[in-house]
Each structure stands twice: as structure tokens, then as C-alpha cells.
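Written below as C-alpha cells is the structure these notes are about.
Throughout, a chain's letter reflects where its sequence line sits, starting with A, and its residues are numbered from 1.
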Amino acid sequence: MERRMTRRTLLGAAAATGAALALGPRLRWFEPALATGPAEPAGVRFVPSACEMCTARCPIIVRVRDGVVEKIEGNPKEGATGGAICARGNAAVSLLYDPDRLKYPLIRTGERGSGEFRRATWDEAYAYIGERLTKIKAEHGPEALAVARRPNPNDPFLLTFAQAFGTPNVFTHESTCPQSRNVALETTFGTLMFHDYANCDYLVLFGRNHFETLTVPQAQGVIKAQARGARVIYLDPRFTPTAAQATKHYAIRPGTDLAFALAMIHVIVREKLYDPAFVATYAAGFDELEPFIAPYTPAWAAEQTGIPAAEIVQVARDLALNKPRSAVEYGWFTASFASDFQLRRAIAILNTLLGNLEVPGGTFFTKGLAKYAKPLGSWKRPTPPKPGKPRADGAGVPGRYPLAPVKDGIIHHLPEIIMTGQPYPVKAFLAYRFDPVASVPDQQRTIAAFKQLDLLVTMDVYLTDTALYSDVVLPECSFLERTDPAFEVSSLVPKIRLRQQIVPPMHDTRPAWRVFKELAGAAGIGDSFGYRDIDEVLTAQLAPLGLTPDDLKKAGQWAPPDAKPIYLRQQNRQAPLPLATKSKKIDVYSEHLHEFGFPPLPVYTAPPQPLENRLYFVQGKSAVHTNIATQNVPWLHELRATNEVWLHPTAAAARGIKDGDLVAVRSDRAEQRARAKVTEFIRPETVFVYHGWGRLSPGLSRVTGKGVSGNRLLPARTDPISGSALLRDTFVEVLKV
Amino acid sequence: MTTVAGCSSTTRVSAYAALAELFAEPSLALASQLEARLAALAAGAAPTTASDGLATFCREHPESNARLTALWAEYIPLFVSGRPTAAPPYEAYYRGSGAWSPTVARGLEATYRAHGLAFNGPTGELPDHVAAECEFLGWLLADPNRAGYAPVFFTQHLATFAFTFLDRVEATGRPFYAALAVATREFLAAEQRRFQGGDAL
């Protein structure tokens, strides 16, 4: 007869075992095995999910053996990635099991930055934050809270928290990354634009280092194009992996990319190589362009860029002759020189002249889910109060930064606002997986400002540099331990994807959906978080599409049945385009810019020139790290443990520096030290370092104190049009130590 | 209880139980009974110079709350993840070339379960924590029916990392934990000799 285990027999067995345990020493770390249920069944399982090691969110398959994550691979069903992932995705296993991870909530006990914390329970941490937020709101108003994050699928939780609290001061990192590009595209097309790399025949890249500043889908697209014989023209003061793969590399003088772009426009207009039908149908202001572009000749551009005029002419002609399957790339990390906004505008004009919008191999508008099927739903929440004051940083505010995106703000202005209390006091800051101490220029000023706050809260996986100065540190689960809301990854085809929990959370960590719900309760705004758990959020999201959370969990992603790439002009070259400018045209000449007192056409401004003995300071990304986020991840740290200071042999010899020497890099702001890398792969007037080192927090035990922090060397300067930080127009001295 | 190599099994069980508390996160209970726990550990091995350091620490921090604060001040930078972990207290850390190896921890959970215990440490703690392994060893030694596995567990787990771990703790020079590391090493070295001599009980 089958013997069934009932609750009574289970408890009886547990009690018996407990009695046996009582015979030995009192146990603090163990309990009877029967009381806790079985461990995960043995065996191997493969779970689809989405990577979080960079912003690309590639689809992945996670291999789990006996409850342990063994390996992460690309999802072979995803055509855009070809089933590949990068080193960062592979290395997420080592992040999951990194002993450096935050294990439980911390409350500061010493001076800010001292690193002295005590362990706290979640309830203690919530109560601490809730009490202080309530007090700050009562004394200074809800706008005294600022929040920031790197855009991610958990945005709805942070944004709901901020909206319910009543603050307009929501920031992203965009002003220190692609904001000049985004605003230029919004100004010209009324929306962002993307590239059909795989089908392109001729691609010009202004510093877009596809094979190092890596997102797998884009790099795969370029690889596919090159395999078909496409030509890639790459301009960068440094010889990068992309330069090595390019058809032609031009080591352009720093800050002069706009001159090259304007000269290409000059050639294409003068030689009438543009698509006249496209321009006539879709463009506004071409008549103003012709006289404007006349002085920007290839000979003039040659003087600016250091690239021969004949080469510029040839690239312009080749670009035009390959239209419409040719394009100039809009860029990625574009917070560089004061001219960058106008460079992106010039690129938009070039693509307009090529008539490459919405045809294979050109550029396209995102084919979002809302236009094809139905938009994702959301959990029910009350309508938030309208903020009583405009943004403190002036983003979207007439007379200040009217074109800077309200949804992103100008994060590098936050320290000044905190320190001056202008235009009104900001007393609390919540950083969700965002580290402004490490990523915002003028680090000393950021630290000084954060020391003045009444409340600084960080939620992250590591004790970041910002966490080091925080009052409360909240440990979030890694992405392999939690389920996030579903998110759109639409491009030419509408698509949604899910990041789902693979293994239970380690340590006393919690997912964002739970933390913000619980924190909202402590701050008196819990009504806005009426969901029970993440499955309820997913159910509400997927209901309009007729899907359930289980449907999405099985495949990891979903596209409408029979979805195919959509090019709006493939069949009808006069088809209407979803241009969202006031003119409903492509604003070659921008009345919108003119209204705000900005140049309506991309006027050239020469970059500042270095004084004697000084060099342009240029930062860039490594293929194995994401911005400042992954330097401490064990396997990635093994691949690149620090940064070196790249110097041309001429510049090195003039300073008595040899390869491997310890050098000091000195700006008006600070001095940093690292080893010199003497190489011909960089221009003589330029010094380069990889971004993300020189970290302060001892919680990042592998990287603390290693290498150069570019953001400590840089001042916080701002492009008045886009609100973008200017991260490449600073000069440094390099000295042998 | 029998006595082996000059040390009764009761003494050894008590010493392991003391280590399970001493290397766990500091609590008011530990702070108030610190002398007793140290005495239990000291009984398991010959006195060392570490005893002076530990006694000095207790003398300099007579009041329990102040003593607790002093213990935390040393504990966090030494052992807590997300801080400068000078000496991570996890077996897997030392067997995973600096990374936390889930396979080791999972294996330990299975071992505990095979002996009737489920790991249920402080919230967020891991099954290969040195304190957990010490407690498990003490529990094994407390019952002759279980004690036969103690040498195996000691050799295959605790001894594989504890000495390196203790060296790292000692090297930090932290007043309490560096001295505790020396005393613990003395005890574990004595245990190693006992186990190698074929002694469980």
C-alpha cells in the first residue's frame, strides 16, 4: 500500500528530527531537512530570457544544472543576433555568483564616503527612506526629490514612484551619452531613426565603433553587409577594431567630423547627386541649404580634418552613387564636442539627400507594436498629480534648454542644482542602477553636491561609487534572479521580449517591482502600486495581445504572427512617412531651431585647439565592458582589468615616455595616473583612455583605484541646444611620473 | 565523552559551536558572552599569543553595546560582500579562483541534506560560510553515530580553505579578528592532527 506523506507525518518527522537535533549543540545555521522541502530537482534545463549586461537586451538561453546557472548563450531563434551574444552576456554568470555583490540593505553609519554602513532589514531601510522623504516633501515640496536610472524595462516602477510622489525631476544618463543625436533626429524628423545595416551597400561611420562599442544586433548587421561586399568608411582619430574591419579608415582630426559631413553635402548638392524626387516630396528647406553649403568646400574641409579633399569628394560620390542603399550612421555615444548636435543634423540631411528613408539598406522608423498589433497594457493606477513646478534642470523649459528631452533631463546639471538650491532646492536623490559619481563629468563637484543632500539612496547590484556616498543602499537581484516587465524590442518588425527569473535570488536581495511597491508604501504613495506580484504586472501587459505570462516565458519573445520587415517606401516611393515635425516634413532647414534662436542649418564651429604640451582627451568604450557598469564583473575584469593611456610615439617621445611607463594625466580639474600605451594607432595630438576606471568604492574590490577616471578630469560643460554634456573638448597634459 | 589527544569530544563540540558564533555576524548575544565563547575555543587547543590580543580586546570594550560596535567595525570590511572583502568567509571563494562557485555551495547543501539538515542561515547567507561549516562539524562530532563523517567533511571542506582564509584575516591586523584567526588556526591545526590520527571521537 502506498504510504502517503501528509502534513501531519511531515511535521511529526520534523519534530522527531528536531528532537534528535536537540541532543547536539544548538544550531543557528541549520534546521531539520524535512521542514524546508526538497531542493531543486537534479537535471539540466534551458530557460529563454533577455540579457542585461548592456542596453541591447539580447535574447539568451540560460543553461541551469541542478539549480546552478552554468552557461549563457544567445537564443538561436533570433535573426538579428544570429544566436550570438558578446563576452558581457557570457560573463553574467560570474556576476550572479560574484562575492562582491551587495547582499542586504545597508544604512550609513559614518561620514558620507567613509564606507561605514550597518546591515539593515528591508523594513528598516524602507522606514528610514519613507520618513525622510515625507519630511522633505513637507518642507520643500515633492520636487525636492530627484530620481535617475539608466533606461531599462523596470522604468515603469521608478517613473510611477516619481509621478506619484509629484516630482518632475526624473533623469536618465542620456545627456552624457546620445542626447545630441536624439535631439538632432527629433528636430529633423520628429522622431528617432534607425539603420538597416544588413542591407546597406555603403556605410559611413563617424566614430561609430561597431566592433568595440558593441551591440550584437548592430554589429551582426554590419558583418552581414560586409559579407555581401558592402563598403564601410570609418572616421576616428584612433585605429580601432572597426577601423581594422573597415574598407577605409580616416584618422580624422578630433572635433572636425562636421566639416567632413558638410563637405559631403556640398559635393552631393553641387554635383546634383541627391535624390530630387525624395527631396521634393519630403524635405523642407532645401532651397536654404544650397547657398548655406557653398562655403563648405572639400578644400576647406581638408584643412579642418587633415583628410585630403579628393578623398572627401570620393567618399561623397560613392555614398551618393550607392543610394538609396547607402547611409551615414547617426552614432551612439555622441556626447563629445560642442559641434556634435550640428554633426548629427548634417548626417540627417545627408541621409535625406540620399533618399534612404524606409527602403532596404537605408534608415527607418521603428515599427512599434502599437501600430501593428496592440500596445502593451499596464497595471491599473490612479492618475498621478501634475508636478507643480517645471524641471529644475531647465530641460523642456523655454528660455533655458527648450529642446532637451523632458523625459531624460540633464543629469550633469543636478550637482549644481543641489549646491545652489536654484531654481529650487533638491534635497533627496534616488539612483536606481545608475552611478553619477562615476559617470557624470566633474566628479568632485558631484561628490560635494551629494554630501549636501538630506537623503541619498542607491539601488544596485554592487556598492557603486554613488552607493559609497549614500545614506541607504538597497541590493537589487541580478537579472538572472528576477522577472521584469515585458518590453518592446521593435525595429523593422514589432516584437516583445521577456527577462525572466532563472534561479532564486541569492542573499537578501529583491527585484525592482517589489522594492518600489514596498518603498511606495513607506512613502505614503502605495496606491499607485496596486499589483500583487510581477505575474500580475505581466498579465496586465500582455492581455491586449491575447497572451499570458506563460506564453512569453516559454519562448522568451513574441512577434505578431507572420510579421515581416516593413519598409514604408519599398513599394511606393511617395508613401507617406510618419514625420512628427511641425512642418510634417524633414526639416533640412529647421524653423523650430530658428524659433528658439539656434542656427536652423548646421553651422560649423571649429573645435578648440590645445595649448602647447596639451592633448585632446578622448574616452571610448571597450568591447568587454558596458560604460561604467561591468568593470568589476569577475570574468570581464579578467579580460580588461584597467585602462592605459594611449599616446602616439611622437607625443610620447616629446615627453620622454616609453610604453608601460607610469604617467600622470592632468587637466584643470584633477590628475590621474596609469600606465602609458605607446602606439601608432592614435593621432599625435590626442590621448585616449577606455571609459569606466579610476573607481572610488572599495565595494568594487577588483577595480577600485585602478586606472584613469575620465570623469574626474572633465568639467561639466553643456551644449545649449541639446543639453548634452561635452566630453571630448577638454585638454590634458601627460607627464612621466 | 571520551578524550582523544588531550581534548574531550565535548570540548571539541563546544569549540566548533563557539566558532560558529564567533565568525557569524556580530550580535548583542555574542558581544555579551564573548569571553565564554573564546574560552570554549581556547579549550580546544594549546594557548597562544592570540589569547592576549583577544583578552585585550575584551578588556578595552567591556560594555556589550560598545563591544558590538567594535566587532562590526572590523567585521564589515573583513567579511561582508559589497565592501572591501579582505577575507571572504566562503569555501567556494577559495575553490573558485576568486569567484563564488555555486557548484561548491550546492554540493554542500546536498551534503547537509544527506545528514538530515537543511541550511537555514541568517537571511542572505550562504551554505559554505565558515561559521556554517564549523557548526556542522560540531554537530557531527556531538553524536557518535554521525562522527564518522567528521574527518571526511573536515578534509574535503573546512580544511581546504580555512587556513588560507585565516591567514588573510590575520594579515589585516584587525585587533579582534586577526587574533581570533590565530587562535582558530591553532585549534584547526590540532583538529587536523587529530583527524589525521584517525580520531573522530
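- Judged by distance alone, with hydrogens and angles left aside, the side-chain atoms of A/Asp465 form no donor-acceptor pair with the main-chain N or O of A/Ala438 at under 3.5 Å.
- The cationic group of B/Arg146 lies under 6.0 Å from the six-membered ring centre of B/Trp139 and within 45° of the ring axis, placing it in a cation-pi geometry.
- Contact of B/His115 with chain A is not made at all, since no heavy-atom distance falls under 4.5 Å.
- Evaluation of the ring pair (Phe, Tyr, Trp, His ring centres under 6.0 Å) rule for B/Phe57 yields B/His61, B/Phe176 as partners, not counting sequence neighbours.
- Heavy-atom distances place no part of B/Ala73 under 4.5 Å from chain A, backbone and side chain included.
- Ring pair B/Phe79/B/Phe165: centre-to-centre distance below 6.0 Å.
- Within the 4.5 angstrom heavy-atom criterion, no atom of B/Ala110 approaches chain A.
- Interface residue B/Phe136: backbone and side-chain heavy atoms are both found under 4.5 Å from chain A.
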